[in-house]
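In what follows, a single structure is set out as structure tokens and then discussed.
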Amino acid sequence: MDGYCTGQAPDEENRRMAAVRSNRVKSELIGRAGVTEACFVTANHAVEYAEGVRNVVTVTLCIPADINETKEDLPDAADTDLRVVQQEQKAIQQEQKAVQQEQKAVQQEQKAIQQAQKPARQAKSEAATPEQPTPTRRKEQSLSLRTNLLYDTFLLPTLGVEWRISHSIGLKLDGSFSWWGGNHGKVQKVWLVNPEVRWYLLRDKRFYAGVSGSYGEYNIYKYLPGKLLKGDTGYQGKLWNAGVTLGYQLSLSRSFSLDFNLGLGYTRSAYDSFGMTDGVRIHKQQDGTKNFWGPTQAGISLVWTIGNNK
């Protein structure tokens, strides 16, 4: 009996598969024809049986000249031991299991080789592909310091802090304070606090909308904010407002940006107005009030994000 196999990669694997097929044929002959293992001479080959014929098992019968002698030498079919057939079948199963294990080992080895080659392929691909700029994004939480440059030009220094509690929500608090002049001439004494909650919108989280409010006290005469009202009249009082805010943050670098914002809402102010004659205040109106809908704040702020968390 000769088994032929060329379907597998290594020759040893081909011989094993040929042996499995040969054992199957022997098992059938033992079970059906009543022969034993001693009647077979088996050889397995890792080559083709003929051109285009790869996976076959051939059985060659050797018939002696003396038929009577052959019959005496061969065992009777009734004397065939069933236990031998079972052992042969068990051996075939073990061979099949061994072949499957070897195939699995080959697959694992190939997978390990591919994993080892993967970093080299990735490095080669990255070297061949130009690096694409990625949009800057903030971490989930960040802290930034800010100053309102627009208020600063009105001699109202402003400092603030913003805590981004998530990628989309920020809590901001600004404080403004000036203490210029005295009570007998030009004066600008102002303090103001401005809390705000912001929701950052769109993919880059640069646009935002918010709700804000302000509260403060003022004493203004002849300085730039006072000239915008009435040049010869001063005002001293309190104000508060509440409204909505819209804005946009323009990135300048990894840590710095410009924040443009405008607030609209309701403002109420209680005040006394006065004039000045020879350094003496002359009251014009007491317990005046002003209520209006319109701008509540405006800003062009320089923002520094601490720790480069963009």
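Predicted, not measured: the structure shown is a model, and the values here were computed from it. We count residues from 1, following the sequence as given.
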### Task
Taking all non-hydrogen atoms of both residues into account, name the closest pair between Ala298 and Leu262 and its distance.
CB-CD1, 4.1 Å
### Query
How many angstroms lie between OG1 in Thr233 and CD1 in Ile282, if you round to the nearest 0.5 Å?
12.5 Å
### Task
With rounding to the nearest 0.5 Å, note down the distance linking CG in Asp272 to CG in Asp287.
6.0 Å
### Query
Can you name the residues that form a ring pair (Phe, Tyr, Trp, His ring centres under 6.0 Å) with Tyr215, not counting sequence neighbours?
Trp191
### Message
Once rounded to the nearest 0.5 Å, what's the spacing between atom CD of Gln117 and atom CD1 of Ile113?
### Response
7.0 Å
### Message
Going by salt bridge (Lys or Arg N to Asp or Glu O under 4.0 Å), name the residues that satisfy it together with Arg198, two or more places apart in sequence or in a different chain.
### Response
Glu162, Glu196, Asp259
### Message
Are Trp240 and Tyr266 an aromatic pair, judged by ring center distance below 6.0 Å?
### Response
yes
### Query
Do Ser269 and Tyr235 have side-chain N/O donor and acceptor atoms under 3.5 Å apart?
no
### Query
Would Val303 and Leu246 show up in the same hydrophobic cluster when neighbours are defined by side-chain heavy atoms closer than 4.5 Å?
no
#### Entry: side chain to side chain donor-acceptor pair (under 3.5 Å) involving Glu102 - partner list, sequence neighbours excluded
Arg16
### Query
Going by the angle between their ring planes, with limits at 30° and 60°, are Phe207 and Tyr248 parallel, tilted or perpendicular?
tilted
### Task
Validate the cation-pi geometry between Arg281 and Tyr221: distance from NZ or CZ to the six-membered ring centre under 6.0 Å, angle to the ring axis within 45°.
no
### Task
Anything under 30° is parallel, anything over 60° is perpendicular, the rest tilted; go ahead and classify Phe274 against His283.
perpendicular
### side chain to side chain donor-acceptor pair (under 3.5 Å) involving Ser212 - partner list, sequence neighbours excluded
Thr245, Gln297
### Message
Going by ring pair (Phe, Tyr, Trp, His ring centres under 6.0 Å), name the residues that satisfy it together with Tyr4, two or more places apart in sequence or in a different chain.
### Response
His45, Tyr49
### Query
What pair of heavy atoms forms the shortest contact from Arg164 to Gly170, and how long is it?
CD-CA, 4.0 Å
### Flag for Ser176-Asn148: side-chain donor and acceptor within less than 3.5 Å
no
### Partner set under side chain to side chain donor-acceptor pair (under 3.5 Å) for Glu12, not counting sequence neighbours
none
